[in-house]
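Let me begin by presenting the structure, written as structure tokens, before commenting on it.
Letters go in sequence order (proteins before strands), and every chain restarts at 1.
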2 protein chains.
Amino acid sequence: MKAGPDIARIAALIGDPARANMLTALMSGKALTASELAAEAGVSPPTASGHLAKLEAGGLIGQRRQGRHRYFSLTGTEVAAVLESLMGLASGAGHLRTRPGPRDEALRRARVCYNHLAGEMATAMYGALLRTGRLATTGDGPRLTESGAAFFSGFGIALEPLIRARAPLCRECLDWSERRSHLAGSLGRAVLARIEAEGWASREPGSRAVRFTPRGEAAFGAWLGLG
Amino acid sequence: MKAGPDIARIAALIGDPARANMLTALMSGKALTASELAAEAGVSPPTASGHLAKLEAGGLIGQRRQGRHRYFSLTGTEVAAVLESLMGLASGAGHLRTRPGPRDEALRRARVCYNHLAGEMATAMYGALLRTGRLATTGDGPRLTESGAAFFSGFGIALEPLIRARAPLCRECLDWSERRSHLAGSLGRAVLARIEAEGWASREPGSRAVRFTPRGEAAFGAWLGLG
DNA sequence: TTCATGCTTTGACCGTAGCCGAAGCACGCG
DNA sequence: CGCGTGCTTCGGCTACGGTCAAAGCATGAA
């Protein structure tokens, strides 16, 4: 017994409904203030404050003071990955009676996962990138190929600063709605930023959903060579 | 709020120390009786019984009656994957003061992850398989190539029954100690079985650790063409 | 300085959930 | 059949943890 790390500690941290709501809200990748998170979780400011302190002590979130606000965010992609996989279990093993509403439909299509794109569009993209040899996979996550480097440079992404930074360029992340992987890492983040800058899609305010315009969706498909 | 599935429900399920211990014990892949799990969790039989009922209602474990015993096991690899990723977070973000003992060291080297091999040896194997083209990766997890099929057949694994079964042949699973992927799925399971049948390694009783014999380790490396 | 806003701490309340002992089933065996 | 073992249900205890109101600190603005 006691083999392996103390998994109950952080599972319990996620296991409270108020805290789970906060973490889910933070999955949008945006840093949120304590009051916003309190509203999101449906609790009073004091309660939220206590929860946030626990989450921080547990290492799941971090804070950044700015002016008289306190911005909270997830500490990293690893936390986001755990949350995503938990959502996969909950949506699968949970009560299926709650059939997906229109809002869930949009989330399934495309959404923000911490800082990169997730959902149907994202797994389609990841598959296309691997099929066309822009990415290759080692045991240690995906790797950018030479043709891939040219491909993304042509899309307007400056790769050098990303490579110079110590954060991993490519990562894969399991999608709870699709049950397949999609692209994460600093490259995944850059792609999402570029898609938004291009005007192909925009985030719905107050939600994780990403809405593609019809023209944006067509351009996205053409870029990747999707059917 | 309420975007996405009810993650708090199952996180809370894992969040109790007694239940977490039970789940960790079940990560060995073996089906255990209620009394064994009670001992593992350090609680009385009545308490264990209550916990097991909750875990089953939550869809995390299933039971199989056999004689006058009741055998419990995890419901699937998806549950195991969540537990592994939670261990990754807990070992990283958790208190690092608990430096790894000799027992942890063995676990890091090679262990059972639900029904397949995990740890250093497993990620090395996965990397070698991808490097040599026995496996290729699509967006939808790894795929067995033709050369890979010949490779595993030559190792004494009958692929047809695995392919005929509806369970996925290849899956990847994130390793909490290595933070890299390793091979799961029915093929992963078959490989571990073959390794044990070959006498290369054996499971330590009452633990998840897998101990390779010196000769077994050498044979394993030669088989994969590791340095 | 003085006020207002954003957040945290304190203190008290309450509910829930874990825990066990004892009794109750259920199954298998002799 | 009746005994023993394995597991579950029941009752009641305890305590941990979530919750909010009110007061206490900060920080920035006037």
Side-chain angles (χ1 to χ4, degrees), chain A residues 1-2 6-26 30-74 94, chain B residues 1-2 6-26 30-74 90 94 206:
Chain A
M1 19 252 129
K2 283 291 291 173
D6 186 3
I7 133 181
R9 235 183 91 86
I10 62 169
L13 232 38
I14 308 175
D16 177 79
R19 285 193 294 259
N21 283 339
M22 292 175 171
L23 291 171
T24 305
L26 288 174
K30 295 196 298 187
L32 300 174
T33 66
S35 1
E36 287 172 318
L37 287 169
E40 199 69 39
V43 294
S44 72
T47 305
S49 183
H51 284 313
L52 289 170
K54 287 182 187 175
L55 287 173
E56 191 178 9
L60 296 184
I61 65 172
Q63 59 168 313
R64 219 177 48 230
R65 329 181 64 121
Q66 202 168 93
R68 81 174 131 207
H69 291 279
R70 220 155 204 168
Y71 286 95
F72 293 88
S73 55
L74 300 183
Chain B
M1 21 235 138
K2 283 292 293 173
D6 185 3
I7 132 182
R9 233 182 91 85
I10 62 167
L13 231 39
I14 309 176
D16 177 80
R19 285 193 294 260
N21 282 340
M22 292 177 172
L23 291 171
T24 306
L26 288 174
K30 295 196 298 187
L32 299 174
T33 67
S35 2
E36 286 172 319
L37 288 169
E40 199 70 38
V43 294
S44 72
T47 306
S49 182
H51 284 313
L52 289 170
K54 287 181 186 175
L55 286 174
E56 191 177 10
L60 297 185
I61 65 172
Q63 60 168 312
R64 218 178 49 230
R65 330 181 65 123
Q66 201 170 92
R68 80 174 132 210
H69 291 279
R70 219 157 204 164
Y71 286 94
F72 292 89
S73 55
L74 300 183

Backbone N/O of A8(B) and side chain of R19(A): donor-acceptor pair under 3.5 Å: no
To the nearest angstrom, the CD-P distance between Q63(B) and dC27(C) comes to 12 Å
Specify the separation, in whole Å, of atom CE of M22(A) and atom P of dG18(D). 11 Å
Taken to the nearest whole Å, CD/E36(A) to C1'/dT5(C) is 15 Å
For A34(A) and F72(A) the tightest heavy-atom approach is CB-CE1, 4.0 Å
Set of residues satisfying side chain to side chain donor-acceptor pair (under 3.5 Å) with respect to T33(A), sequence neighbours excluded: E36(A)
Flag the pair L60(A) / I14(A) as yes when at least one side-chain heavy-atom distance between them is below 4.5 Å, and no otherwise. yes
D16(A)/H51(A) under side chain to side chain contact (heavy atoms under 4.5 Å, CB included): CA gap, chis, key distance, verdict: CA-CA 9 Å; D16(A) 177 79; H51(A) 284 313; 3.5 Å; yes
F72(B) CZ to dG6(D) C1', straight-line distance once rounded to whole Å: 11 Å
For dT8(C), does OP1 or OP2 lie under 4.0 Å from any side-chain N or O of R70(A)? yes
Within-4.5 Å side-chain heavy-atom neighbours: L13(A) and L23(A): no
Starting from P on dG6(D), measure out to CG on L37(B) and report it in whole angstrom. 15 Å
Protein-nucleotides 13-18 of chain C N/O pairs closer than 3.5 Å?
{"from": "dG18(C)", "atom 1": "OP1", "to": "R19(B)", "atom 2": "NH1", "distance (Å)": "3.0"}
{"from": "dG18(C)", "atom 1": "OP1", "to": "R19(B)", "atom 2": "NH2", "distance (Å)": "2.9"}
{"from": "dG18(C)", "atom 1": "OP2", "to": "K54(B)", "atom 2": "NZ", "distance (Å)": "2.2"}

Proximity to the side chain of H69(B) - top-ranked nucleotide from dG6(D), dT8(C), dT9(D): dG6(D)
What is the distance, rounded to the nearest whole Å, between atom CD1 of I14(A) and atom P of dG18(D)? 14 Å
